[in-house]
Structures are given as C-alpha cells and as structure tokens.
Protein chains: 4
Amino acid sequence: MLNRVVLVGRLTKDPDLRYTASGVAVANFTIAVNRPFSNQQGEREADFINCVIWRKPAENLANYMGKGSLVGVDGRIQTRSYDNQEGKRVYITEVVADSVQFLESRNSKGGQPQGGGQGSGGYQDNQYQNQQQAPNNNQYSQPTGSPNDNMEPIDISDDDLPF
Amino acid sequence: MLNRVVLVGRLTKDPDLRYTASGVAVANFTIAVNRPFSNQQGEREADFINCVIWRKPAENLANYMGKGSLVGVDGRIQTRSYDNQEGKRVYITEVVADSVQFLESRNSKGGQPQGGGQGSGGYQDNQYQNQQQAPNNNQYSQPTGSPNDNMEPIDISDDDLPF
Amino acid sequence: MLNRVVLVGRLTKDPDLRYTASGVAVANFTIAVNRPFSNQQGEREADFINCVIWRKPAENLANYMGKGSLVGVDGRIQTRSYDNQEGKRVYITEVVADSVQFLESRNSKGGQPQGGGQGSGGYQDNQYQNQQQAPNNNQYSQPTGSPNDNMEPIDISDDDLPF
Amino acid sequence: MLNRVVLVGRLTKDPDLRYTASGVAVANFTIAVNRPFSNQQGEREADFINCVIWRKPAENLANYMGKGSLVGVDGRIQTRSYDNQEGKRVYITEVVADSVQFLESRNSKGGQPQGGGQGSGGYQDNQYQNQQQAPNNNQYSQPTGSPNDNMEPIDISDDDLPF
DNA sequence: TTTT
DNA sequence: TTTT
C-alpha cells in the first residue's frame, strides 16, 4: 500500500550513528520542519520529526551533516512499539528515509568553523541513496579528519565517495 | 518547509468524531498500511498511522467510512506534546490530513450489512477536501439514516453532499 | 535532488507491454486522475498522465490490470525528447513508476466478464515493486489464461507470483 | 483522486510572469532536477520539469527567485492540450505548484551580484503558499528595488511580504 | 487518443 | 489498542 513522505528541514542536532550487533550502520536524526502558517499567537511553529536511515547513507549523513544542516528526506512512515522499563508499551512513529539530500551544510563538527568571509553554504547535488542491499557484516571504516564544511569537491576514491 | 505525506490503507476502526468547545469537528482515525516487503520471518507487517482531519471532511469521514474502509490520505506530519497524568511529557507524531479519498467502503455501521451477492465495493470519486476555512461555530447537523455502503450515487441536496 | 510523485487513478486503456532488444519488459500506460474541484462550467475534469514501468512489474501490470482498473502509482517525473519524422524535437514528460499498487481490477481481457452477482472489486494488497535489478536478457514467458478478475488468491508457484 | 508531486531543483531561467485578461498573475518556470543515478555513459542527467504557479506566489517567485535558484515545489500534475498553428493537437504535462519554497537564491537580476566574500546563500524559511482564493481583478503592485539576493530579513510592510 |  |  502507498506510504510516501517527503520533508525538507534542518537537523536539530548531529545525527546519532550506531551499529547493530552484525555491523549494520544506522543513524537516527530529527529534523525541524517549519510550518507554513502561524498559530493563534502569530508565531511560526515547527514539527520535529524523528527519522532513521540505514547502511552507507547513515554513515554519510553522520560524516557530512550536523546540527542545523538543511536536508531533504524521501521515505516512508514506520510505526513500532517496545516495552519501557516500567513495563509500559511505548508506541513510536518515525520516518524511515530511503534517501537524504544535502541541501546545505551548516555545522562545523570540531573543525574550521563555517561562515566568515568564505562564501559558505553552497549546494552540491549530493544525495544518500539507500541501496537496500543485503546488510554486510564488515565493520565500516569510519572516515576521520576534515569535515569539509564548505562542501567543495573532495578528492577521494570512488569507493569512499558517498555521493 | 516541505512536509508532505501520501498514504493508502485501511481504517483500523471507525473514525472517532468529536467537536471542540467552539463547535469545530475533528476526527481521529488510524490507518493500517501494509508494508511492501516481508520481515525476516517472512511475514508482511503493517504500519499503524494515526491521523486527524478537521471540519466538514471529518464529519464526512465519520459518516461514510468505518473499520476496514480503504482510504487515501494526503497531508502532512505534525508533532505535538502534552503532559500526561503522571506529569510525564508525551510526544505525539501524527498525520494531519488535508484530504481523504474514499477508495472502498467496507463497513455497514448499523444499516443494511454490506456484501452478500450484490456486487459491493464500487468506487466513486469521492474525496474530502479540507477547505481550511475559518472554523464556523454552528453545531453541525449529524446526517443519519442509510449508510449507503455500496457507495452508489445518493440523492441529497448539494449542501449536504460531502463530495 | 527530490523528485517524487504519487497518483491514484484509472487506466484509460490496457497497458502497452513491449520488450527492448535485449529482452527487458517495459509497459506504458495512462491513468486518468479526476481533479478534486470543478471547472467554471461546473464539470469535473481529469488529468491524463502517461506512465512507464519496467521489468517484472511491467509484465504484472499488463497481465492483471486493464482499462478502467484503479491503481496507485509511486514514482518520479522524467523528461526526455526525440526528433519526430518531421525532424522536429518533441518533448515528453511522463512518470516512471517505482511501484504500482492494485486497488481494483476492472477489466476482463477476453475472459469471464467481471461484475454480475458475484461481489466484485475486492482489494488485495498487491503491489508491483520495481526491484531496479540489472536487466535480465531472457525472454519472459507470458502468463496466459484466466485473468482472475475478482482478484481472489490464485494458486501459482511463488516464482510467477507478481505480489 | 490522489495527485501529489514534490520536487527540489533549480530554475533553468528566470520565471516568466504574466497576467490574464482579468488581471490574475501566473508564472511559468522550469526546474532542473538532477537524477540520483548515472546513465550508461556514467553521466548524471537531469529532468527539466515545467511548472506553473498562480496569483501572489507567482509574483513572489518572479520577484525573488531567478535562473539558478534552488526551490522546492509542492503541487500536482496537470495535463492539457491545445491546437498549434499547424492545426495539430499538442499535449502538455506540467506541474501546478500549490507552494514554492525558497531554498537558495542564486541570481542577481540587475542588482548587486551575489557571491563574493560575503557569505552568501543563506536559507530563510520563505514559502509561497497558494491560497486558492478567488481571483482578484486588481492590478498587482509590482515590488521594485533591491532584489536582496542574500535573503536577509527585509523591512517592508506585512502586506507586501511574500512570506 | 482518454478512466468511473 | 490495530486493517484486508
């Protein structure tokens, strides 16, 4: 049955990247999507939407985007439930992203602070596409070093390129 | 910012229609959307997605659709929170429907039971469109009588026609 | 970049199934999507949207759906152009379907005419999912025989099952 | 019936703003949406999607966005036809935008060229929302003056504010 | 060239 | 707390 979600918004914090026991990468993140209308107090509110993304795109998101980054999300709504520590059933509604598009980097994540005089915020047509391939059980090698906040072309082998 | 959701699924129960203190109709409903893939046990799971719709379309939904009805939803994701009786903050993610499309009636809601030999389940191009008009404070008159499960053309004045 | 389309409408005619030189199945079809509003003459118009689907789902669509069938489409807009016989460039805008959902069979395609007293139009959760796998170059075997208009469960081997 | 399109892409040229005989503003524009995959030559292609937007949002788009601007579009697919000068029927498929979101200004349209050392390309949560109100037959007052390419807050009366 |  |  049809289940399709498209969002454009900003990361409320850095993505939270983890690995399953079998080594599959998964990142949780929340995006703030401002509403197109004002409330009765005349204020613009936002919706804070929890999202998940799996595998390579999860690592890419965690490595290149951070708090404040503007992203586009294409995915579906998923619901699940679990029993919390008080034995109460908790119901979760979240968006499982098939792909995340980088619209604008905003964070600096420990490196050269963005902004200043260098003409920041350019857009590259970068997109995480979830290949939905079978989970591979290797440990992923974590990219380190300069986060390349300005999103200029970077010189790495195709294999490592997230986009 | 962009926030768009499209769903096709079945009502898990009859819509829950209420009125605000100022007389605005609002209906809550949950739709089950079957996933397009099987889990590791080979079973097809579903997502149970909570939705809200306001005003006239809320009444139409409540009057014409019921548990098991197949509907299409066009809307956006909304998040909100409240403090429960234990003083704990509870976060809600739901879909606010702009319009609901009737794809197939399935329930009988007190009237002539659907099904049998009469060729049921016909589709009419019926759609609730949320006009987003200012709330009107009148009490809505509740349609009663024949639920018209077979969704044949019905003969009522234009003013009452939900589609 | 984001490009997402979701449609629900009826096939204006039987899907047109063909095979590329290398044996890849592709089906073209048009769906009529009724507009949610009336024009100035008070008439409801429709949009006639050309769609394409590839591989297995193309064959499934051609084998199980026909003129008048209600379907849901999840896909993206694609544009292309070609030079016609007069040497004039022609621009095409169409929807490439990732998946098509069967909402209601309507045609009979040579076999037992649908309808009559047998409770027609039931919905099964059937969906063509485009696996985006590499094209396979075999000739597909064309299913023949009973079109199963009522969409009841059918007893064929898993390999042939479209859903 | 359901008909929903969401796009993120760049304007291929400045929007083309016109007025109907009765004074209703309408803007035509094309956005280039890069495909998320490469073709067999390893090149990334794009789809060039024709769009229309009506009334106030049309004027806003024309006044604030130009060739190269990154926009998000939420709308529906519309088809229409007309007879060309050779008396041949021509079929058109385009997107009617309900709203356009400004993701990044790119053009300068006669004013201070964007870019340079000033940290350009910031995102504001600006969105044209088509109110679908009855056409008003006044001549719209055309905003003039500095196009504010950097999209900083601008100080004009609420009535003129497009977002 | 269009569906219910 | 879930639909076919």
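Lettering follows sequence order; numbering is per chain, from 1. FYI, side chains are in, hydrogens and waters are out, and symmetry mates aren't considered; it's all heavy atoms of this structure. Everything numeric in this text was worked out from a predicted model, so none of it was measured.
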*Inspect the contact between B:Arg4 and B:Asp74 and indicate whether a charged nitrogen and a carboxylate oxygen are less than 4.0 angstrom apart.*
yes
_Under a 4.0 Å threshold between the charged nitrogen and the carboxylate oxygen, would C:Lys67 count as salt-bridged to C:Asp14?_
no
*asked:* Side chain of B:Thr12, heavy atoms from C-beta onward: which of E:dT3, F:dT2, E:dT2 has the nearest atom to it?
replied: F:dT2
*E:dT1 P sits how many Å from C:Ile92 CD1, rounded?*
16 Å
*To the nearest Å, how far apart are C:Asn50 CG and E:dT1 P?*
14 Å
*State whether a side-chain donor-acceptor pair under 3.5 Å links C:Tyr64 with C:Glu59.*
no
_Just the rounded figure in Å: distance from P of E:dT3 to CD of C:Glu43._
15 Å
*Looking at E:dT3, F:dT3, F:dT1, which one has an atom nearest to any side-chain atom of C:Ala32?*
E:dT3
*In whole angstrom, give the distance that lies between atom CG of C:Leu103 and atom C1' of E:dT4.*
14 Å
*Please report, rounded to the nearest Å, how far the P atom of E:dT1 is from the CG atom of C:Asp16.*
18 Å
*Choosing from F:dT2, E:dT3, F:dT3, which nucleotide comes nearest the side chain of B:Arg10?*
F:dT3
*asked:* Checking side-chain contact (heavy atoms from CB on, under 4.5 Å) between A:Val95 and each of A:Thr30, A:Val5, A:Val52, which is the one that passes?
replied: A:Val5
*Residue D:Arg89, side-chain heavy atoms: nucleotide from E:dT1, E:dT3, F:dT2 that is nearest*: E:dT1
*Under-4.0 Å salt bridge between B:Asp47 and B:Arg35*: yes
_Residue A:Tyr91, side-chain heavy atoms: nucleotide from F:dT1, F:dT3, E:dT3 that is nearest_ = F:dT1
*Could you work out which one of E:dT2, F:dT4, E:dT3 sits closest to the side chain of C:Asn34?*
E:dT3
*Can you tell me how far P of E:dT2 sits from CG of C:Asp14, to the nearest Å?*
16 Å
*For D:Met1 and E:dT3, give me the distance from atom CE to atom P, rounded to whole Å.*
12 Å
*Gap between atoms NZ and P, on A:Lys88 and F:dT1 respectively (whole Å)*: 12 Å
